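Worksheet: one structure, shown below.
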Amino acid sequence: MQKECLLCDLLPGETGRVVALYTEGGMRRRFIEIGLMEGALVHCVGQSPAGDPCAYLISGAVMAIRRRDARGVSLIRAGVDG
Amino acid sequence: MSGKGGALPLRTVALAGNPNVGKSTLFNALTGMNQHTGNWPGKTVSRAEGIAISRANRLRLVDLPGTYSLIARSPEEAVARDYLLSGEADLAVVVCDGGCLVRHLPLVLQVMERSARVVVCVNLLDEAARRDIHPNLTLLEGRLGVPVVGTVARQKKSLAALLAAIDRALAAPPPVRQAPVLYPPPIEEALSRLSLGFSGEGARVQALDALLFSNEGVPPDSSLSREREALAAAGYPPAACADAVARATAHRAATLADGVGSSGGYAPRDRRLDRLLCGRASAYPVMLLLLFFLFFLTIVVANYPSSWLTSLFSWLGVHLSGALTAIGTPPVLHSLLTDGVYLVLTRVVAVMLPPMAIFFPLFSILEDSGYLPRIAYNLDRPFAACHACGKQALTMCMGFGCHAAGVVGCRIIDSPRERLLATLTNAFVPCNGRFPALIALVGGFFVLLPEGPVATALTALGVTALVLLSVGVTFLATRLLSATLLRGEPSSFTLEMPPYRRPDWGRVLVRSLIDRTGRVLVRAVAVAAPAGAVIWLFANLSFGGATLLSHATAFFDPLGRLLGMDGVILFSFLLALPANEIVLPLICMAYLSSGAPVEMAGVGAMRELFLQNGWTWVTALCTAIFFLFHFPCSTALLTIRRETGKWRYVAIAALLPTLIGALLCLLIATGARLFGI
């Protein structure tokens, strides 16, 4: 049974499936627009050299999301790539 | 594409699409030079309109702002939404990225809801093919029920196919379609009741927009309030309503895209490039190297054209002088024109044009290739620490070219507070008008080596160091403003990092040379000519026993000396408010007018002239520092007024850098005096 974690916990190379969105307002709408919603697969492709934001592959495009915003997305880890 | 089309009917076509899909390239390719840009009335959202000629029509293309959707509250989306609903356009074209269609279909669906005729344009197919993505457009067309045309903006044939599809769609009456997206039942029921209050084809979507967006002055007993209450009771309060609409659209888009074969991804090539350009150890060194290389290249390559242009203008000047004498020009006017206007004008062009002709193309290449978002990605954390947005890194880069352009570019920042932070600090980095002066000052006074690669490298190093200083001060000023006048929380932001693209060299050259370089040059010339005349007048009109110039420079001398400079330098800075490019030429002119004439060929001669007039390395340093940190040019200030709407921000934008510059110069000058240097 995979444990739930937050988007900001996803390390580069890891993939997760979104369980729920806790963000509200304009940021929530924006997340839905870019495809970050329940059931979507998210893959973390890297971290900024300064540590924040991280880059995620969502719905076919790479998006940079800040840590504090990534805290609003919970997901279940679904694998690591090589 | 744009020839004569006298008798063809004129139809209006709206162009919609996400940012980053090559919509502007497409727009330019279709309209050529038949376009003009401006703003949407009452908003600082840019609007472009142009005419394209197809086989059957003249098409008035209206370029809508790039938006990811039409159902949020940003000014861009409001503009696009209102325009589509106004019915002014006979047809809407939605431009998509062929490499990742699933991300663009939500906008397609929303446009289909608001426009009777729609054509989907799947662009960037060459880039998609390069990543081995071949979308099945026929399948998509069958599923969507609207024409789908694939294009490569560079290829005329595909543009012709797009225009043909537009013609076909315009020739037929608007098709009757069922709703592209179905919302959850409570919302659908509310819509069917509300749409009775609206007329025409778009009744349902007008009801939807009313439900989502009308806020002020809705009477409590109106049908709208009642429906909202009913929806809230059914589990859809206003926020959940908007949510449900966005989700339904996204799900429908995913269903439509399933199997079409265009789901984007992170290609190995992009992965490799990002490892280098955004890697923990390599990202910052690469950015520094690029900056250094930019200046090195500018100095090396700009040198030859500069000296060539100087010789050319010298030669022309002799002939101009001769011609003026031949037509019997009075000596005063002759001198005004040749020693005043012509001298300053040609100096500006000879010194300014070559560096611009290098910088703008290089910047365009970086822009086109997709590297700029990576800069924002690398620098977001420092900017967030200053309570600003990572996109400010991008506007800062634009400011290297021209501050007015940088200020307009601040529109990419959504949060008004962060947009203001970026606007007010844009002028801390040197623009193209200041580079040549910095290069001349560093090269002439601090690199005391014979000309050669080592000297050039050291000069580039010196200028890079100055620019890094200005970037550091940008951060400090941003932090200062966000702690005092522009307090607030960092906003949320997402940044798309598009796949790297091969820049279109031809377009880069044309756009950056003709468009940007040309425009900035024309402005510099328009300012330099009168400025040259003014300083000639100052130097040749006398009052109370001395020229106006010596009065003015004497007046500013005490303050100038306090700041490590002198009255001439300070006065030239003031006079150069319209354009920074003329500061050094004005200083030269002012020194020349009160001494023996010197042939001004090259930095060496300028150095001689300055030394003769009391310059030391302290003077050069303070002048360089003041060059970095002083009020922006009048064009930039007026642009700030237009974008922000308030004179007080113009005042801050002018005063803040000047005060910082004056303070730094004061410290340096005082320190030098104390240590007896």
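For clarity, every value in this text was computed on a predicted model and none was experimentally measured. Here is how names work: the chains are called A, B, and so on, in the same order as the sequence lines, proteins then strands, and each is numbered from 1.
Interface remark: A:Met37 contributes side-chain atoms only to the contact with chain B (heavy atom separation under 4.5 Å). Proximity to chain A involves both the backbone and the side chain of B:Thr494, based on heavy atoms less than 4.5 angstrom apart. Only the side chain of A:Asp69 has a heavy atom closer than 4.5 Å to any heavy atom of chain B. Residue B:Ala253: no heavy atom, backbone or side chain, is found under 4.5 Å from chain A. A:Arg67 does not touch chain B: none of its heavy atoms, backbone or side chain, sits under 4.5 Å away.
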Donor-acceptor contacts, no H, no angles, side chain residues 276-289 of chain B, under 3.5 Å, sequence neighbours left out:
residue: B:Arg280; atom: NH2; partner: A:Gln47; partner atom: OE1; Å: 3.1
residue: B:Ser282; atom: OG; partner: B:Arg275; partner atom: O; Å: 3.4
residue: B:Ser282; atom: OG; partner: B:Leu276; partner atom: O; Å: 2.7
residue: B:Tyr284; atom: OH; partner: B:Asn378; partner atom: O; Å: 2.9

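In this structure, A:Arg30 and B:Tyr68 have side chains that are in contact, with non-hydrogen atoms separated by less than 4.5 Å. The closest side-chain heavy-atom distance from B:Arg381 to A:Arg66 is not below 4.5 Å. A heavy-atom distance below 4.5 Å is found between the side chains of A:Ile34 and B:Arg103.
When each of A:Leu21, A:Thr23, A:Val45 is scored by its heavy-atom pairs under 4.5 Å with chain B, the top score falls to A:Val45. Here B:Met497 is the residue among B:Arg374, B:His251, B:Met497 with the most heavy-atom pairs under 4.5 Å with chain A.
Of all heavy-atom pairs spanning B:Pro382 and A:Ala50, the tightest one is CD-CB, 4.3 Å. Across all non-hydrogen atoms, the minimal contact from B:Tyr377 to A:Ala64 is CD1-CB, 3.6 Å.
Summarising the geometry, atom CZ belonging to A:Arg29 is positioned 7.5 Å from atom CD1 belonging to B:Ile71; distances are rounded to the nearest 0.5 Å.
In this structure, B:Asp97 has no salt bridge (charged side-chain N to carboxylate O under 4.0 Å, His left out) partners at least two apart in sequence or on a different chain. With sequence neighbours excluded, the residues forming a salt bridge (charged side-chain N to carboxylate O under 4.0 Å, His left out) with B:Lys23 are B:Asp63, listed by chain and number.
The interface of residues 241-248 of chain B with chain A, defined by heavy-atom distances below 4.5 Å, comprises B:Ala242, B:Asp243, B:Ala246, B:Arg247.
Remark: the backbone N or O of A:Leu57 is not paired with any side-chain donor or acceptor of B:Tyr266 at under 3.5 angstrom.
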